[in-house]
K.L.:
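Supplied in structure tokens, the structure appears directly below.
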Amino acid sequence: MNVPMTKLINKINTAFSRFVVVGVMNTINFYIIYFILLLFDVHYQAAFVAAYLLSMIGSYFMNTLFVYKTTVSLKKFFAFPLVYVVQFALNYVGIIVCVEVLNIAEEFAPFIFLPITVILTFVLTRTILTRGDSR
């Protein structure tokens, strides 16, 4: 394997490892917010949306500063949610199907579609957050 390709693979592996760590932290943040809202009798759909939006803001900063080590900017901040539109749609429909059709407990339903969207989210996040960087 040539040297530039090896460097690229190492950079991706390192970024992906950090992405996974941030993803775990973000998932924990989401779940804590979601569960707290459920404890306050917030409907599971509203709790899902609120927890999703709050954890997405945290995700932007963690991905920008820790995963891809790039600069925070308003342009990237407003483009970042576009990555999550597909992920949100899949997960939102998934949570409804899990709870309403499959009778899966609402506390566990958000985790069902998580593996499906991780790789797609990594690629799209990397594209948006590192676009224009000289790295």
Side-chain angles (χ1 to χ4, degrees):
M1 195 176 299
N2 63 30
V3 174
M5 183 59 82
T6 303
K7 286 182 180 181
L8 177 62
I9 289 171
N10 288 338
K11 187 174 183 178
I12 290 171
N13 286 338
T14 304
F16 188 74
S17 298
R18 290 189 307 259
F19 179 81
V20 169
V21 169
V22 165
V24 169
M25 291 171 52
N26 197 49
T27 300
I28 291 168
N29 290 338
F30 165 82
Y31 190 72
I32 289 169
I33 295 166
Y34 179 74
F35 188 69
I36 289 170
L37 291 173
L38 291 178
L39 288 175
F40 285 97
D41 292 324
V42 174
H43 190 272
Y44 78 91
Q45 291 173 342
F48 178 85
V49 172
Y52 198 92
L53 291 173
L54 290 172
S55 64
M56 186 172 49
I57 292 168
S59 179
Y60 167 75
F61 288 103
M62 288 187 287
N63 276 294
T64 300
L65 299 172
F66 177 67
V67 175
Y68 303 108
K69 299 180 180 185
T70 187
T71 57
V72 172
S73 74
L74 281 176
K75 181 179 178 180
K76 290 177 185 177
F77 181 78
F78 288 113
F80 186 76
L82 298 175
V83 170
Y84 289 91
V85 170
V86 172
Q87 182 188 32
F88 178 84
L90 287 173
N91 285 316
Y92 189 73
V93 170
I95 192 175
I96 293 170
V97 169
C98 287
V99 172
E100 306 284 333
V101 177
L102 302 175
N103 295 315
I104 294 173
E106 57 192 40
E107 293 84 2
F108 301 108
F111 294 104
I112 301 299
F113 286 84
L114 187 63
I116 297 169
T117 58
V118 169
I119 299 298
L120 175 65
T121 303
F122 173 75
V123 171
L124 294 175
T125 299
R126 184 173 194 269
T127 300
I128 285 177
L129 295 181
T130 61
R131 185 179 327 157
D133 283 3
S134 59
R135 297 174 202 247

K.L.:
Should Thr71 and Lys76 count as side-chain neighbours, where that means a heavy-atom distance under 4.5 Å?
P.N.:
yes
K.L.:
So which heavy atom on Val99 is nearest to which on Ala109, and how close?
P.N.:
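Closest heavy-atom pair between Val99 and Ala109: CG2-CB, 3.8 Å.
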K.L.:
Verify side chain to side chain contact (heavy atoms under 4.5 Å, CB included) between Ile96 and Tyr44, making sure each step is shown before the conclusion.
P.N.:
CA-CA 9 Å; Ile96 293 170; Tyr44 78 91; 4.3 Å; yes
K.L.:
Say you draw a straight line from CZ of Phe48 to OH of Tyr92; how long is it, rounded to the nearest 0.5 Å?
P.N.:
8.5 Å
K.L.:
To the closest 0.5 Å, what do you measure between CZ (Phe111) and CG (Asn91)?
P.N.:
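Result: 10.5 Å between the selected atoms.
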K.L.:
If you group Ile, Leu, Val, Met, Phe, Trp and Tyr by side-chain heavy-atom gaps below 4.5 Å, do Phe122 and Leu82 land in one group?
P.N.:
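Different hydrophobic clusters.
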K.L.:
For residues 52-62, which side-chain N or O atoms pair as donor and acceptor with protein atoms under 3.5 Å away, sequence neighbours left out?
P.N.:
unit_1	atom_1	unit_2	atom_2	d
Tyr52	OH	Tyr84	O	3.4
Tyr52	OH	Gln87	OE1	3.0
Tyr52	OH	Phe88	N	3.2
Ser55	OG	Ala51	O	2.9
Ser55	OG	Tyr52	O	3.1
Ser59	OG	Asn63	ND2	2.9
Ser59	OG	Tyr84	OH	3.2
Tyr60	OH	Ser73	N	3.0
Tyr60	OH	Ser73	O	3.1

K.L.:
Just do the side chain to side chain contact (heavy atoms under 4.5 Å, CB included) check on Leu129 and Phe80 with the steps written out, would you?
P.N.:
CA-CA 7 Å; Leu129 295 181; Phe80 186 76; 4.0 Å; yes
K.L.:
Which atom pairs, one a donor and one an acceptor, fall under 3.5 Å between side chains of residues 22-42 and the rest of the protein, sequence neighbours left out?
P.N.:
unit_1	atom_1	unit_2	atom_2	d
Thr27	OG1	Gly23	O	2.7
Asn29	ND2	Met25	O	3.4
Tyr34	OH	Glu106	O	2.8

K.L.:
Hey, what do you get for CD1 (Ile128) to OG1 (Thr64), rounding to the nearest 0.5 Å?
P.N.:
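Result: 10.5 Å between the selected atoms.
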K.L.:
Honestly curious: do Val85 and Val83 fall in one hydrophobic cluster under the side-chain, below-4.5 Å linking rule?
P.N.:
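No, because Val85 and Val83 fall into different hydrophobic clusters, even though each may have its own neighbours under 4.5 Å.
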K.L.:
Check Thr130 against Tyr68 and note the closest heavy-atom contact, atom names and distance.
P.N.:
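Shortest heavy-atom separation between Thr130 and Tyr68 comes out as CG2-CB, 3.8 Å.
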